[in-house]
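Before any comments, here is the structure.
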Amino acid sequence: MPNLLERQLLRTRNGLAHLAGVRKPEVAQTPRDLVWRRETARLWRYRSDDRSITVPLLIVHSLVSKSYILDLQPENSMIRYLVGEGFDVFLLDWDAPSAADAENTLETYAAGLVPGAISAALAEADAGELTLLGYCFGGDLVLLTAAAGAADLPIRNVVALTTPCDFRSIGFLADMFLPGRLDADDLIDATGLVPASAMDGGFQSIKPTDQLVQPLNLWQQLWNAGRAENFLALYGWTRDQIPFPGALFRQTVEMLVRDNALAGGELPFAGGTARLADIKRPFLNIYCEQDTIVPAASAQPFTGLVGSRDAGELRLETGHVGLVAGRYATEVARPAIADWIRRHSANRKTSTPKETGEHRHPARAAAA
Amino acid sequence: MTEIPRKAFDAVERPVADASESVIESDAFMDALALAWKVNRAAVRRFERGAAAGLRVLGLPTRAELLTEIGALQREVRELRRELEAR
């Protein structure tokens with residue numbers, strides 16, 4: 001390691017380069033093609049010479065953040081890893097919504113855009129069924145899609161990555177919207193959207209001292225250009241929110257937070273009822289012990305609520321971001337996720353006993 | 001920051017972080033924050049309404065009114081496109 005004076009000089013050089021925009025972290029570098037687009041939805045297919053796992057994998061990203069966390073940097077990319085493992089990877093992510101999207105509801109996504117993307121991915125891959133994986137709120141969209149279209153959609157497996165189910169266990173972010181506190185319309189602006197700044201403010205409030213800690217972390221790393229770039233890529237993502245459609249936010253507050261409908265296993269949907277018990281496909285619920293955005297207690301109930309006879313779970317010793325980016329993701333989370341999907345993409349089993357995964361998956365045991 | 005000052009910082013920061021997170025999760029804090037947010041929001045809305053009234057006198061729309069109009073038009077275009085695709 002360079003001595004103190006050398007490190008200060010390097011910090012000055014790297015800090016100036018960063019401020020001048022010379023060393024901006026390059027994210028989302030894995031080669032891909034935009035294969036379908038509708039409204040704010042974008043469906044990407046990642047290029048690969050080895051798609052040895054024939055069941056395509058469609059990843060549905062959250063609506064509250066940008067998808068490059070899944071493909072952060074070439075050496076730190078969940079998507080690049082999955083492509084390298086032989087998966088035919090599709091990513092459904094979202095452009096920032098505008099006033100035109102303010103009226104979007106859960107139905108817009110789970111009965112419209114996600115099923116549309118499923119059809120487009122299957123046509124593109126010339127496949128009959130796919131694995132549907134959702135990250136964070138994207139997991140809720142995936143589960144609703146699978147529940148509402150249970151009989152018709154060609155879904156082979158369903159995977160939820162740190163997805164909120166019991167909103168009463170989330171803490172501050174949800175509790176602020178309990179009756180008597182904030183109403184959804186207190187956050188919705190004149191264009192009908194929840195501004196990105198409000199989303200960011202909410203996430204920052206969970207760990208108030210981060211405003212001090214993160215600049216210090218950057219200062220410590222700054223002498224090393226590579227480490228500083230890694231830090232800035234990750235920290236930049238945590239502050240890089242997008243607006244949220246107002247109508248969907250009203251539904252979230254009323255149905256998911258106040259009625260806590262998902263924890264009850266069903267919610268009003270498209271004029272009827274979506275029931276998690278109608279999800280009969282193999283299901284993997286992945287959640288994290290150190291997650292402060294979607295605590296384990298919030299995500300865990302899905303495992304018992306779906307109707308799948310093959311419902312497993314992975315309880316990992318990491319946080320919301322550590323699940324998809326960083327050393328733990330590289331060494332534990334990604335291999336475990338890939339292993340489950342690979343096994344469930346092989347020839348179909350005729351029947352399996354209902355498994356909780358507690359005694360089932362070696363990675364879970366290792367992580368616990 | 002060198003190793004020792006950082007350790008000292010962490011030794012102070014961790015209990016402060018734990019304490020502040022406990023405060024934030026308390027009902028009293030969340031009630032107070034919600035009230036403060038609503039008061040602030042009401043003031044901002046009153047100001048926006050005043051500014052909008054002033055612009056209307058000049059025959060001008062606000063930025064939000066423009067964006068909302070454009071959004072409504074975009075939604076109509078989408079609806080028409082869907083109808084065309086369905087035929």
Side-chain angles (χ1 to χ4, degrees), chain A residues 1 3-4 7-8 11 38-40 97-104 108 112 116 170-183 185-193 198 201-202 204-223 245-246 292 295, chain B residues 1-10 12-42 44-45 47-49 51-52 61-79 81-82 85:
Chain A
M1 186 190 278
N3 67 35
L4 183 62
R7 288 206 302 274
Q8 303 306 343
R11 282 184 178 120
R38 181 161 299 168
E39 298 164 18
T40 57
S98 66
D101 309 294
E103 302 300 321
N104 285 4
T108 309
I170 286 181
F172 175 80
L173 284 177
D175 289 352
M176 279 302 295
F177 296 95
L178 292 177
R181 292 193 182 132
L182 293 179
D183 297 309
D185 284 296
D186 289 325
L187 265 76
I188 297 169
D189 69 13
T191 63
L193 302 169
Q204 292 304 311
S205 301
I206 301 172
K207 283 198 167 288
T209 55
D210 254 18
Q211 309 272 1
L212 280 174
V213 174
Q214 297 305 345
L216 276 179
N217 288 343
L218 173 60
W219 177 252
Q220 272 200 309
Q221 313 278 352
L222 197 56
W223 66 270
T292 53
Chain B
M1 185 173 272
T2 57
E3 196 71 8
I4 292 170
R6 180 62 203 248
K7 279 185 180 161
F9 173 84
D10 288 344
V12 175
E13 188 270 334
R14 279 177 195 144
V16 171
D18 290 344
S20 59
E21 284 161 27
S22 298
V23 168
I24 282 168
E25 292 282 345
S26 69
D27 284 338
F29 178 83
M30 285 191 272
D31 289 341
L33 182 61
L35 182 64
W37 184 283
K38 281 176 182 284
V39 168
N40 178 54
R41 188 69 197 247
V44 169
R45 282 191 172 154
F47 173 78
E48 285 174 346
R49 276 199 296 271
T62 64
R63 178 177 172 274
E65 284 168 348
L66 266 179
L67 290 173
T68 307
E69 279 294 314
I70 293 168
L73 280 172
Q74 283 178 319
R75 279 198 294 274
E76 280 180 33
V77 171
R78 282 178 188 173
E79 210 41 58
R81 190 181 296 151
R82 272 191 217 114
E85 283 173 358

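A note on names: the letters A, B, ... follow the listed sequences, proteins ahead of strands, and every chain is numbered from 1. FYI, side chains are in, hydrogens and waters are out, and symmetry mates aren't considered; it's all heavy atoms of this structure.
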Quick check on A:S98 against chain B: is it the side chain, the backbone, both or neither that has a heavy atom closer than 4.5 Å? side chain
In terms of side-chain heavy atoms, does B:R6 have a donor or acceptor partner in A:N217 at a distance below 3.5 Å? yes
I need the minimum non-hydrogen distance between A:G171 and B:E25, along with the two atoms involved. CA-OE1, 3.6 Å
Mind listing the closest non-hydrogen atom pair of A:R181 and B:D31 along with its distance? NE-OD1, 2.7 Å
Could you tell me which portion of A:D210 (side chain, backbone, both or neither) has an atom closer than 4.5 angstrom to a non-hydrogen atom of chain B? neither
Which one wins on heavy-atom pair count under 4.5 Å against chain A: B:V44, B:D10, B:L67? B:L67
Do other residues, nucleotides or ligands put more than 12 heavy atoms under 6.0 Å from the CD atom of B:E69? no
The interface call for B:D27 against chain A, heavy-atom contacts under 4.5 Å, is both
If one checks every heavy atom of A:I206 against chain B at 4.5 Å, the contacting part turns out to be backbone
Looking at A:D101 and B:R78, is there a salt bridge between them, counting it only when a charged N and a carboxylate O are closer than 4.0 Å? yes
Please report the closest heavy-atom contact between B:A34 and A:M176, naming both atoms and the distance. N-CE, 3.8 Å
Contacts of A:F172 that satisfy ring-ring contact (aromatic ring centres under 6.0 Å, His included) - sequence neighbours left out: none
A:L212 side chain near B:E13 side chain, heavy-atom distance below 4.5 Å: no
Below 4.5 Å from any heavy atom of chain A, which atoms of B:L33 appear? Answer side chain, backbone, both or neither. both
Interchain contact, B:A72 with chain A, by part (heavy-atom threshold 4.5 Å): neither
Which heavy atom in A:T209 sits nearest to a heavy atom in B:A17, and how many Å separate them? OG1-CB, 3.4 Å
The interface call for B:I70 against chain A, heavy-atom contacts under 4.5 Å, is neither
Looking at B:E21, B:R41, B:E48, which one has more heavy-atom pairs under 4.5 Å with chain A than the rest? B:R41
Could you tell me whether B:R82 and A:E39 have a side-chain N and a carboxylate O separated by less than 4.0 Å? yes
Heavy-atom pair with the smallest gap, counting every atom of A:D183 and B:K38: OD2-NZ, 3.2 Å
For B:R45, is it the side chain, the backbone, both, or neither that has a heavy atom closer than 4.5 Å to a heavy atom of chain A? side chain
With respect to chain B, which residue among A:D175, A:L182, A:D186 yields the maximal number of heavy-atom pairs within a distance under 4.5 Å? A:D186
For a quick test of reading the model, state the closest non-hydrogen atom pair linking A:A190 to B:T68 and the distance between them. O-OG1, 3.4 Å
